[in-house]
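Each ligand, and each atom within it, is numbered from 1 in the order the structure gives.
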Amino acid sequence: MITAAEERAFYDQQYAQFLALPDHALRTNRQILERNLDDPSQPFYERRVLYRATIRALESEPLRGQKILDYGCGPADFGLWMATEGADVTLLDLSPMAIELGLKRAEASGVTVRGVAADAAHLDNFADAEFDLVFACAALHHTLKYPGALNELARIMRPGARLVLCETWGGNPLLNVARKLRAALAREQEEQGEDIILDRKQLAALQPFFENIHVEHYNLLAMSKRLLRGRFTASWSRAALHALEAVDRPLLAAVPLLKNWCGEAVITARRGPR
Ligand SMILES: C[S@@+](CC[C@H](N)C(=O)[O-])C[C@H]1O[C@@H](n2cnc3c(N)ncnc32)[C@H](O)[C@@H]1O
């Protein structure tokens, strides 16, 4: 198992390269987020179904004035978007580079956010019941391995606060083997997180703290999109993706049991009473 120091060093190196980007490339808001989701040359395109569902979940209740934590924020696209919608946003990441990048992007986007570089297992900077909403994109599967991280997450959320997770889903054993194989072939480091992927077992850990845990699954056959990565600017590749998505919809509606075999999920829950 990797240490927090190794994970921090890995992500610092990942994010440092973006710090030199000009302001126009760092800026974000709703329009830019939407444009990136629609643009096949952008990395967001591959996850556009998941990310659109995430946006719907986040804005299913008003964001303006809410105290929101973007947990394991990385480049913080969603936290910064919510700040541009009038939310009071805090960015949290183990990587100081992520926070530096997030603050720089906030300035370029014309919003003010708070940035905290800390280990999710030790959130001493945060008060009990501080947040109305905690959002984590591809982050909880990183932090769950650190003892105490879940207790800390629950502590800083007020009773009734919302949790919105945007995650890869690990309910499909074949897909999990393919993921591990792909990560090994690509010589990805352990820090990139293929070792823990959320599934029902991981979610059970949330139950003592959260109510109304709901999983919305996305992409069954369409998970083959991983094979098309980097090729979405080609029309044949987009046509293949759309065809797979078009088969998924009726298939999942007809056989709901298959949902657990999907590769991505938006998970929502509410912090229970203390
Ligand atoms: C896969 S990245 C996701 C980043 C971002 N949320 C996104 O979707 O682009 C995982 C993030 O979790 C952060 N992270 C990992 N372990 C953490 C910890 N113990 N405490 C806080 N953040 C952590 C990493 O630094 C990294 O930025």
Residue-level breakdown please: for Tyr71 versus ligand 1, do any non-hydrogen atoms fall below 4.0 Å on the side chain, on the backbone, on both, or on neither?
neither
Taking atom CD as the centre, does Gln17 end up with more than 12 heavy-atom neighbours from other residues, nucleotides or ligands that are less than 6.0 angstrom away?
yes
Please could you name the atoms of ligand 1 that Ala120 approaches to less than 4.0 Å, counting only its heavy atoms?
18 (C), 19 (N), 20 (N), 21 (C)
pair Ile55-Phe78: side-chain heavy atoms closer than 4.5 Å
yes
Below 4.0 Å from ligand 1: does a non-hydrogen atom of Ala4 turn up there or not?
no
For a 4.5 angstrom cut-off between non-hydrogen side-chain atoms, does Asn36 reach Tyr45?
no
Quick check on Glu107: does its CD atom have over 12 non-hydrogen neighbours (other residues, nucleotides or ligands) under 6.0 Å away?
no
Does the separation of the ring centres of His142 and Tyr71 fall below 6.0 angstrom?
no
Please confirm whether Ala118 comes under 4.0 Å of ligand 1, counting heavy atoms of the residue only.
yes
Per-atom filter on ligand 1: closer than 4.0 angstrom to a heavy atom of Leu94 are 16 (N), 17 (C), 18 (C), 20 (N), 21 (C), 22 (N), 23 (C)
Tell me the nearest of Tyr15, Phe44, Tyr11 to atom 27 (O) of ligand 1, using heavy-atom distances.
Tyr15
If we number the atoms of ligand 1 from 1 as shown, the ones under 4.0 Å from a heavy atom of Asp119 are 18 (C), 19 (N), 20 (N)
Do Tyr146 and ligand 1 have an N or O pair less than 3.5 Å apart?
no
Looking only at distances, please establish whether an N/O atom of ligand 1 is found under 3.5 Å from an N/O atom of Ala138.
no
Are Trp169 and Phe210 joined in one hydrophobic group, where the rule is that I, L, V, M, F, W and Y side chains link up if heavy atoms are under 4.5 Å apart?
yes
Check against side chain to side chain contact (heavy atoms under 4.5 Å, CB included), Val215 and Leu203
CA-CA 10 Å; Val215 185; Leu203 280 195; 3.4 Å; yes
Considering only heavy atoms from C-beta outward, does the side chain of Ser95 approach that of Tyr15 to under 4.5 Å?
yes
Judged by heavy atoms only, the candidate from Lys145, Glu7, Glu167 nearest atom 16 (N) of ligand 1 is Glu7
Hey, looking at atom 9 (O) of ligand 1, which of Cys137, Gly74, Ala98, Pro75 has the closest heavy atom?
Pro75
Below 3.5 angstrom, do we get any N/O pair linking Ala139 and ligand 1?
no
